[in-house]
Amino acid sequence: MSIVEGSKAPEFSLPDDQNNTLSMADFAGKKLVLYFYPKDDTPGCTTESCDFRDNLQNLNKLNVAVLGVSKDSVASHKKFKAKYDLNFPLLSDEKEELCNAYDVMKEKSMYGKKYFGIERSTFLIDETGVVRKVWRGVSVTGHMDEVMAALKELM
């Protein structure tokens with residue numbers, strides 16, 4: 001089932017880049033930007049993550065937390081986070097549990113080969129755990145502006 005605006009955000013319990021287990025309950029009372037990205041340390045994913053990093057102070061002022069999610073391992077996330085000085089948690093979803101809950105696993109094609117991977121997607125969740133905005137097939141350029149505009153509408 002696909003997550004749509006107005007849906008209750010699925011619960012999760014996953015390790016972050018420091019191997020701490022995080023869940024939805026850890027963000028109760030805050031808005032949450034949950035973004036899914038294909039792979040650590042690749043061009044688009046790095047740009048997107050750095051955009052969130054560079055805007056985290058403004059997001060925090062709006063009572064917003066940020067979580068990045070990919071299928072990469074805790075160790076991979078730890079290296080990626082350190083390399084780019086990312087200032088928010090990255091969740092490791094190696095079993096695709098959260099990816100499947102949010103229906104972001106899609107058939108892709110590269111060099112003529114088909115495979116399943118994460119479709120770049122972002123979900124804005126309010127303080128009560130309700131999904132307020134969904135972006136699928138995200139284009140990295142301008143995405144941060146879209147997220148900020150959606151947050152301002154929620155205020």
Are [Y] and [X] co-members of a hydrophobic cluster defined by side-chain heavy atoms under 4.5 Å apart?
X	Y	result
Y84	V140	no
V131	L22	yes
V134	L32	yes

Open item on the list: E127 vs K30, test: salt bridge (charged side-chain N to carboxylate O under 4.0 Å, His left out). Steps then yes/no.
Closed with: CA-CA 5 Å; E127 297 90 341; K30 287 186 163 258; over 6 Å; no
Open item on the list: For V69 and Y37: C-alpha separation, side-chain torsions, deciding distance, then whether side-chain contact (heavy atoms from CB on, under 4.5 Å) applies.
Closed with: CA-CA 6 Å; V69 183; Y37 64 97; 5.7 Å; no
TODO: Not counting sequence neighbours, list each pair that qualifies as a side chain to side chain donor-acceptor pair (under 3.5 Å) and has a residue in residues 104-114.
DONE: D103-K106
Residues that [X] engages under salt bridge (charged side-chain N to carboxylate O under 4.0 Å, His left out), provided they are two or more places apart:
X	answer
R120	E48
K78	none
K83	D41

- [ ] Evaluate whether atom NZ of K79 has more than 12 neighbouring non-hydrogen atoms of other residues, nucleotides or ligands under 6.0 angstrom away.
- [x]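 No, the 6.0 Å shell around NZ holds no more than 12 heavy atoms from other groups.
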Shortest non-hydrogen contact from [X] to [Y]?
X	Y	answer
V4	S7	O-OG, 2.8 Å
S76	D40	OG-OD2, 2.8 Å
V64	L151	CG2-CD2, 3.6 Å
C99	I118	SG-CD1, 3.6 Å
N87	L56	O-CD2, 3.0 Å
S121	V138	CA-CG2, 4.0 Å

Please round to the nearest 0.5 Å and tell me the distance separating atom [atom1] of [X] and atom [atom2] of [Y].
X	Y	atom1	atom2	answer
N63	K61	CG	NZ	14.0 Å
I125	L154	CD1	CG	12.0 Å
L34	M24	CG	CE	8.0 Å
E5	L124	CD	CG	9.0 Å
D16	S92	CG	OG	9.5 Å
L91	S13	CG	OG	9.5 Å

List, one per line, each side-chain donor-acceptor pair under 3.5 Å for residues 142-150, sequence neighbours excluded.
residue : atom : partner : partner atom : Å
H143    : ND1  : E146    : OE1          : 3.1
H143    : NE2  : T122    : OG1          : 2.8

TODO: Kindly indicate, with the supporting measurements, whether the criterion side-chain contact (heavy atoms from CB on, under 4.5 Å) is fulfilled by R136 and I3.
DONE: CA-CA 11 Å; R136 294 189 181 274; I3 299 296; 4.2 Å; yes
When you compare the side chain of [Y] with that of [X], does any pair of heavy atoms fall below 4.5 Å?
X	Y	result
S49	F80	yes
F88	Y35	yes
S70	H77	yes

- [ ] Run the salt-bridge test on K81 and D17 with the 4.0 Å N-O cut-off and return the result as yes or no.
- [x]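 Looking at D17 together with K81, the answer is yes, because their closest N to O distance falls below 4.0 Å.
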Open item on the list: Can you tell whether the side chains of K71 and E96 come within less than 4.0 Å, N to carboxylate O?
Closed with: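 Yes, charged N to carboxylate O under 4.0 Å.
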Open item on the list: Going by ring pair (Phe, Tyr, Trp, His ring centres under 6.0 Å), F36 matches just one of F123, F12, W135. Which one?
Closed with: F123
Task: Partners meeting side-chain hydrogen bond (donor to acceptor under 3.5 Å, both in side chains) with K39 (sequence neighbours left out) - done: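 Counting only residues at least two positions away or on another chain, K39 forms a side-chain hydrogen bond (donor to acceptor under 3.5 Å, both in side chains) with D72.
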